Protein chains: 2
Amino acid sequence: MNTFSFCDGLMNDRADKKAARATADQVAREANVSRVAVSRAFNPNASLKPEKRDRILQVARELNYTPDMAARSLVTGRSHLVGMIVPDVCSPWESQEIDALTTALQAEGFATLLFKAKADFSMDPRLLTYMRGFNPDSVIAFTENILPDVLCGFLDRAVPIYVIYDDVAQFAGAASGTLYDRLLVRQKNGIEQAVALLQGYGVRRIAYLGGKAQSLANAERERTLKETLAERGMDAPIVLAGDYTYDTAFRATLDLFRIGEGADAIFAANDVGAFGAIDALRHELGLSVPEDVKVVGFDDIPQAHWKSYNLTTVRIDLEERVRALVRLILMRLRAPDATPFTETLNTRLIVRGTVG
Amino acid sequence: MNTFSFCDGLMNDRADKKAARATADQVAREANVSRVAVSRAFNPNASLKPEKRDRILQVARELNYTPDMAARSLVTGRSHLVGMIVPDVCSPWESQEIDALTTALQAEGFATLLFKAKADFSMDPRLLTYMRGFNPDSVIAFTENILPDVLCGFLDRAVPIYVIYDDVAQFAGAASGTLYDRLLVRQKNGIEQAVALLQGYGVRRIAYLGGKAQSLANAERERTLKETLAERGMDAPIVLAGDYTYDTAFRATLDLFRIGEGADAIFAANDVGAFGAIDALRHELGLSVPEDVKVVGFDDIPQAHWKSYNLTTVRIDLEERVRALVRLILMRLRAPDATPFTETLNTRLIVRGTVG
DNA sequence: TTTGTTGATGAACACGTTTTCATTTTGTGA
DNA sequence: TCACAAAATGAAAACGTGTTCATCAACAAA
């Protein structure tokens, strides 16, 4: 129960095939054609007389026939599977991303193969080994401390790998060495707008409530915030440790005001953290938001517009991002050796009720 | 973009195999054994001299070899894939369930194959056709209006299918006709406790804020609530239409108090709906919870303990439920013809701050 | 030593497709 | 009608594995 029973422990008891699925041979026999014709009927670019194709598809429908993906994968080398490695499916932001990616990929004929990494963003090496067995055409990792190069070592076919740093996705192909396709998020815009707004309200002391320590997204946001404050001649932020969770953000905020010196505004590394901060301020410290303390989040998850929070937050457009990522994957699969692409997305501030 | 390009629109361009994965033949050659021996080395119950097995596994590690699941699936008839059909991955309850199921199944050597159904709980028939191609060993559907029998028609192998009604999971095997494995949730306990608590506070007029109309879970909860109220000699509830979303719950609550006659307590079909109701009461209607109106939810999602809501809710133990479901799947795969099993789970009230 | 039993071994087959290639059919213009 | 290109067709090979079956070695019991 505690460990994987993968790879070296699989039970390979043969399945009962009493109610076996229809095969291409059966369809061929029934329709008086060769098996090859059936195959061609299901491949739109193959040449086959239209009426013949129609008849075959008709018979296939009657027999409830579908090409077997395993067999197809074996000869084609394409599994039509996209592996996703996720530490926490419950996280609102990640679940949104999984949802949107699955929808988009499904429309392109790919199915999502979901794997759960460990909660600390790390990954059991055996998980990679296991995943490799399924031959995914591409891999998207939400796990920030497995670097593309490491992943590449395990997936030794030329599999496009995208590692999502929340902000950055990188591609690594065994062939392309250290050159990656990149999906970048320009944090600057949103943070710039947020800081300008705060400054307009006369905010002076800003606290940054961080995400997971290993998170590169978190590092990038912190760096950009510091840079922006400096450019505007404002004081450097007080940095609090966090881990993207509500509870940790809640406690960190309590500490900031009870033990520490407090702040005029809190910049949280993600929306869920912002919720924790808001609740600590309002329900435990007796402070009001935004009158006493202003709060800004990151992500703009659906919960951000709930009236209890009504959060002002820096938004990354999810649909745009997913479209871009899917486009990268498809292009890379089509042209494995093309020179690396780079797509850049913008962020912008969504102004709601927690500032001003 | 709008429709599936499944099945009849697949691009089957051959993948470049320049960096091909190691095959069992290569391992065999390198280790001076037959290919069969390699196969046996990876199947623990096969008989093979221990030292030979060790040597093979060693070579396999060096060559970074993993058995190809597609090939294995082809001959074995087992894909080690569990298909999940989900309308909304973002829903907190469903994402929790996906997360826990994936973790548990992964530990048993199964990977999760995720498909997205339409938002109205319905499913494109082509989605089933598509999924069938991957030969999942079992299917878990979160989509309430695809009945097991319909699913069975598409998956004509003896595939265990579990349809999750949030409260009820049923199994349908082509062989077993209309007899299902059943995973039941006893709603009665939790609702009983909630009603008793409300009655103790002198509540008289209760509103039931429903979930999706097609949802059987919703129907069951409404029915049980009515039954319980009747048993205790209380008035029948006012029933409001909903769809499990925050926004709809928010508006329904406004209507109830502005157009309708209001209520002393609101029973929401799920936690997210309860949040919508609470926010409408507090932030739009100027009423306080729990003093003016008491609110009870369903599910006990992680957000329920957030201070802004601190929701009193009827809990279904997720871990227990997932364990039971995985156990059912494994047993059914091991013994396809065994007589149907039934597991029953309980619910209980988690008392927090929205009542009392 | 002989017999019987158990465990290890590899050749051949099976799984359900796609693809290659040589062949046949169809269509088009002179 | 003929010649030629283009499209349609099916036989056979390939993909990478698990399993069956007959064989062989080893070892214990008679």
Side-chain angles (χ1 to χ4, degrees), chain A residues 7-8 10-17 20-29 31-56 60 63-80 132-135 157, chain B residues 7-8 10-17 20-29 31-56 60 63 65-80 132-135 156-157:
Chain A
C7 201
D8 38 15
L10 291 178
M11 297 285 293
N12 281 317
D13 30 19
R14 195 182 194 80
D16 305 4
K17 304 212 170 175
R21 290 176 41 201
T23 153
D25 272 314
Q26 296 176 29
V27 175
R29 217 172 306 134
N32 276 326
V33 295
S34 78
R35 202 203 31 251
V36 185
V38 176
S39 168
R40 280 198 252 264
F42 280 86
N43 281 25
N45 39 356
S47 79
L48 191 66
K49 207 180 279 182
E51 59 176 35
K52 198 172 191 175
R53 160 168 287 143
D54 290 344
R55 185 159 45 106
I56 293 177
L63 265 56
N64 206 3
Y65 166 79
T66 311
D68 183 315
M69 284 298 189
R72 178 180 269 180
S73 158
L74 202 53
V75 51
T76 300
R78 297 241 121 122
S79 60
H80 289 270
R132 224 166 59 96
F134 288 100
N135 244 321
R157 212 167 49 113
Chain B
C7 203
D8 38 16
L10 290 177
M11 297 286 293
N12 281 319
D13 29 17
R14 195 181 194 83
D16 306 3
K17 304 210 170 178
R21 291 175 40 200
T23 152
D25 272 312
Q26 296 177 28
V27 176
R29 218 171 304 135
N32 276 328
V33 294
S34 79
R35 198 181 50 70
V36 185
V38 177
S39 168
R40 281 198 251 264
F42 281 86
N43 281 25
N45 38 358
S47 80
L48 190 67
K49 210 180 280 182
E51 58 176 37
K52 197 171 192 174
R53 159 168 289 143
D54 289 345
R55 184 159 45 103
I56 293 177
L63 265 56
Y65 166 79
T66 312
D68 184 315
M69 284 299 189
R72 180 179 265 182
S73 157
L74 203 53
V75 51
T76 300
R78 297 241 121 122
S79 60
H80 288 270
R132 224 166 59 97
F134 288 99
N135 245 322
D156 43 7
R157 215 168 44 116

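Values reported hereafter were calculated over all heavy atoms of this structure, with side chains retained and with hydrogens, waters and symmetry mates removed. From a predicted model like this one, the values you see are computed outputs, not experimental measurements. By convention in this document, chain letters (A, B, ...) are assigned in the order of the sequence lines, proteins followed by strands, and residues within each chain are numbered from 1.
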Going from CZ on A:R132 to CG on B:D68, what distance comes out if it is rounded to the nearest 0.5 angstrom? 10.0 Å
Nearest-angstrom distance from the residue atom CZ of A:F134 to P of D:dT17: 14 Å
One should read off an interatomic distance between A:R29 CZ and A:R35 CZ, to the nearest 0.5 angstrom, of 10.5 Å
From CG of B:N43 over to P of C:dG7, roughly how many Å is that when rounded to an integer? 18 Å
Phosphate OP1/OP2 of D:dG16 contacted by A:N135 side-chain N/O (<4.0 Å): no
Is any side-chain nitrogen or oxygen of A:T23 closer than 4.0 Å to OP1 or OP2 of C:dT17? yes
For DNA chain D, whose closest nucleotide is more 5', that of A:R35 or that of A:K49? A:K49
From the options C:dT9, C:dT17, D:dT17, select the nucleotide whose nearest atom is closest to the side chain of B:A24. D:dT17
To the nearest 0.5 angstrom, please state how far the CG atom of A:N135 sits from the OG1 atom of A:T76. 11.5 Å
Does A:D25 or A:R40 map to a spot on DNA chain C nearer the 5' end, using the closest nucleotide for each? A:D25
Ignoring backbone atoms, establish whether A:S34 has a side-chain N or O less than 4.0 Å from OP1 or OP2 of D:dT9. no
How long is the span from the CZ atom in B:R72 to the OG1 atom in B:T66, to the nearest 0.5 Å? 10.0 Å
Return the 5'-most residue of the pair A:V36, A:P50 with respect to DNA chain D, ranking by each residue's nearest nucleotide. A:P50
To the nearest angstrom, the CD1-P distance between A:I56 and D:dG10 comes to 9 Å
Measure from the side chain of A:A71, starting at C-beta and using heavy atoms only, and say which of D:dG10, D:dT17, C:dG16 lies closest. C:dG16
Using atom CZ of A:R29 as one end and atom P of D:dG10 as the other, report the distance to the nearest whole Å. 15 Å
Does A:S39 put a side-chain nitrogen or oxygen below 4.0 Å from OP1 or OP2 of C:dT17? no
Interatomic distance, A:R21 CZ vs C:dC15 P [rounded to whole Å]: 14 Å
When you measure from the side chain of A:R53 to the backbone of A:R40, do you find a donor-acceptor pair of N or O atoms at a distance under 3.5 Å? yes
A:L48 atom CG is separated from C:dT25 atom P, nearest whole Å, by 16 Å
What is the distance, to the nearest angstrom, from the CG atom on A:D68 to the P atom on C:dA14? 18 Å
Does a nitrogen or oxygen in the side chain of A:K52 sit under 4.0 Å from OP1 or OP2 of C:dT26? no
Please report, rounded to the nearest Å, how far the C1' atom of D:dT9 is from the CD atom of A:E51. 14 Å
